[in-house]
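Just so we're on the same page: letters track the sequence lines, and every chain starts at 1. Bear in mind the structure is a predicted one, so any value in this text is a computation, not a measurement.
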There are 2 protein chains.
Amino acid sequence: MHGTNNLDDLDKAILKTLMEDARRPYAEMAKQFDVSPATIHVRIEKMKAAGIIEGTEVVVNTKKLGYDVCCFIGINLYAARDYHSALEKLNALDEVVEAYYTTGAYNIFVKLMCRSIEELQHVLIDKLQAIEEVQSTETLISLQNPISRNVNP
Amino acid sequence: MHGTNNLDDLDKAILKTLMEDARRPYAEMAKQFDVSPATIHVRIEKMKAAGIIEGTEVVVNTKKLGYDVCCFIGINLYAARDYHSALEKLNALDEVVEAYYTTGAYNIFVKLMCRSIEELQHVLIDKLQAIEEVQSTETLISLQNPISRNVNP
DNA sequence: GGTGAAAAGGCTATGTA
DNA sequence: TACATAGCCTTTTCACC
């Protein structure tokens with residue numbers, strides 16, 4: 001299982017279903033795909049064992065939790081070699097929900113979720129830019145997230 | 001439920017648990033949080049009704065599905081008013097897994113998942129930059145994704 | 001590798017405090 | 001509002017094809 005994989009159409013159909021509803025009953029999928037519930041079960045177990053299915057999670061409406069502000073921040077470090085220590089400090093910030101090590105204009109690229117513009121300002125100035133490895137940042141505020149989905153198996 | 005919400009500690013504890021494992025048995029949570037399984041059930045139903053819990057999904061290892069390349073692309077349009085038609089065309093591309101309407105350097109910011117650098121090149125040149133509304137793009141290739149989590153309820 | 005039926009286990013509704 | 005219980009539905013197992 002390195003790069004290419006050997007999922008057949010049934011595997012892919014099951015995976016696609018579960019990527020939209022992790023609790024879809026096996027019996028329903030069995031009817032839909034014209035196999036037995038036991039087969040659905042076996043296929044799912046195989047994909048778990050192969051590490052393709054890593055787990056399940058609930059989808060949460062972050063706005064309803066009060067997180068109204070989403071933004072991306074490109075970070076430049078004084079020295080590229082400080083990547084690991086900078087990352088450790090970023091990891092300690094709850095507001096940092098994603099981080100990427102990137103080529104191009106920035107050393108690190110992060111996604112931030114905050115409860116308000118005031119909080120964003122606070123996080124940016126007092127937490128993020130206070131990290132000693134950080135030389136400069138560039139902020140991209142997201143006003144809308146019209147596409148949000150996963151890859152096609 | 002507008003912005004601030006009124007989740008108590010039990011709600012938050014349940015939510016945090018389900019955000020890591022949507023199928024955690026109610027009985028286990030009940031034991032852990034020292035309430036009855038029925039109470040767990042009631043709290044979850046309430047959060048569903050409030051729209052805080054929107055659904056469930058399996059977590060998929062995209063690398064094992066063959067998607068090795070992840071990148072962000074900042075898109076500039078000739079005219080900002082073409083946002084909607086450009087977005088429609090982006091939405092038709094399977095490789096575009098996220099899109100954001102942003103302030104700052106770009107009109108639209110997207111996340112792309114591809115199977116290889118060759119495919120990225122193909123998508124970028126023949127699909128993305130072929131969209132007539134697109135004036136220019138800037139690509140940020142992600143080599144690593146060391147932080148990936150959700151907000152703290 | 002797939003099936004069907006039976007066993008095990010988790011979820012949900014109800015009645016009660 | 002929370003609890004305990006019981007019924008129901010889903011998952012899992014297993015012998016067989």
Q: Assign the ring pair A:Phe72 / A:Phe109 to parallel, tilted or perpendicular, where the plane angle (0 to 90°) is split at 30° and 60°.
A: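 Parallel.
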
(Q) Run the side chain to side chain contact (heavy atoms under 4.5 Å, CB included) test against A:Ala79 and tell me which residues pass, sequence neighbours left out. (A)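 A:Ala79 satisfies side chain to side chain contact (heavy atoms under 4.5 Å, CB included) with A:Arg81, A:Asp82 once adjacent residues are dropped.
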
Q: Measure the distance from NZ on A:Lys31 to C1' on D:dC9 and round it to the nearest whole Å.
A: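 Value for this atom pair: 13 Å.
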
Q. Should B:Asp68 and B:Lys63 be marked as a side-chain contact (heavy atoms from CB on, under 4.5 Å) after you check the CA-CA gap, both sets of side-chain angles, and the distance that decides it?
A. CA-CA 5 Å; B:Asp68 281 321; B:Lys63 269 207 181 138; 3.8 Å; yes

Q) D:dC3 phosphate, OP1 or OP2: any side-chain N/O from B:Thr39 under 4.0 angstrom? A) yes

Q: Verify side-chain contact (heavy atoms from CB on, under 4.5 Å) between A:Ile147 and B:Val110, making sure each step is shown before the conclusion.
A: CA-CA 9 Å; A:Ile147 300 177; B:Val110 302; over 6 Å; no

Q) How sharply is the helix from C:dG1-D:dC17 to C:dA17-D:dT1 bent, taking the axes over five pairs at either end and rounding to 10 degrees? A)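 The value is 20°.
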
**Q.** Pairs involving residues 78-97 of chain A, ordered by first then second residue, that meet ring pair (Phe, Tyr, Trp, His ring centres under 6.0 Å) (sequence neighbours left out)
**A.** A:Tyr83-A:Tyr101

Q: May I have all residue pairs that pass salt bridge (charged side-chain N to carboxylate O under 4.0 Å, His left out) and include part of residues 116-131 of chain A, sequence neighbours excluded?
A: A:Glu95-A:Lys127

Q. Going hydrophobic residue to hydrophobic residue with side-chain gaps under 4.5 angstrom, can you get from B:Met113 over to B:Val123?
A. no

(Q) Is there a continuous path of hydrophobic side-chain contacts, each under 4.5 Å between heavy atoms, that joins B:Val151 to A:Leu120? (A) no

**Q.** B/S/- contact track for nucleotides 10-17 of chain D, protein heavy atom under 4.0 Å
**A.** SSSB----

Q: Please check if any side-chain donor atom of B:Asp21 sits under 3.5 Å from a side-chain acceptor atom of A:Thr56, or the reverse.
A: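 Note: B:Asp21 and A:Thr56 side chains meet the donor-acceptor criterion.
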
Q | Flag side-chain contact, heavy atom, 4.5 Å: A:Asn61 against A:Leu65 | A | no

Q.
What is the first contacted nucleotide of DNA chain C and what is the last, in 5' to 3' order, if contact means an atom lying under 4.0 angstrom from a heavy atom of chain B?
A.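 In short, chain B contacts DNA chain C from C:dC11 to C:dA13.
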
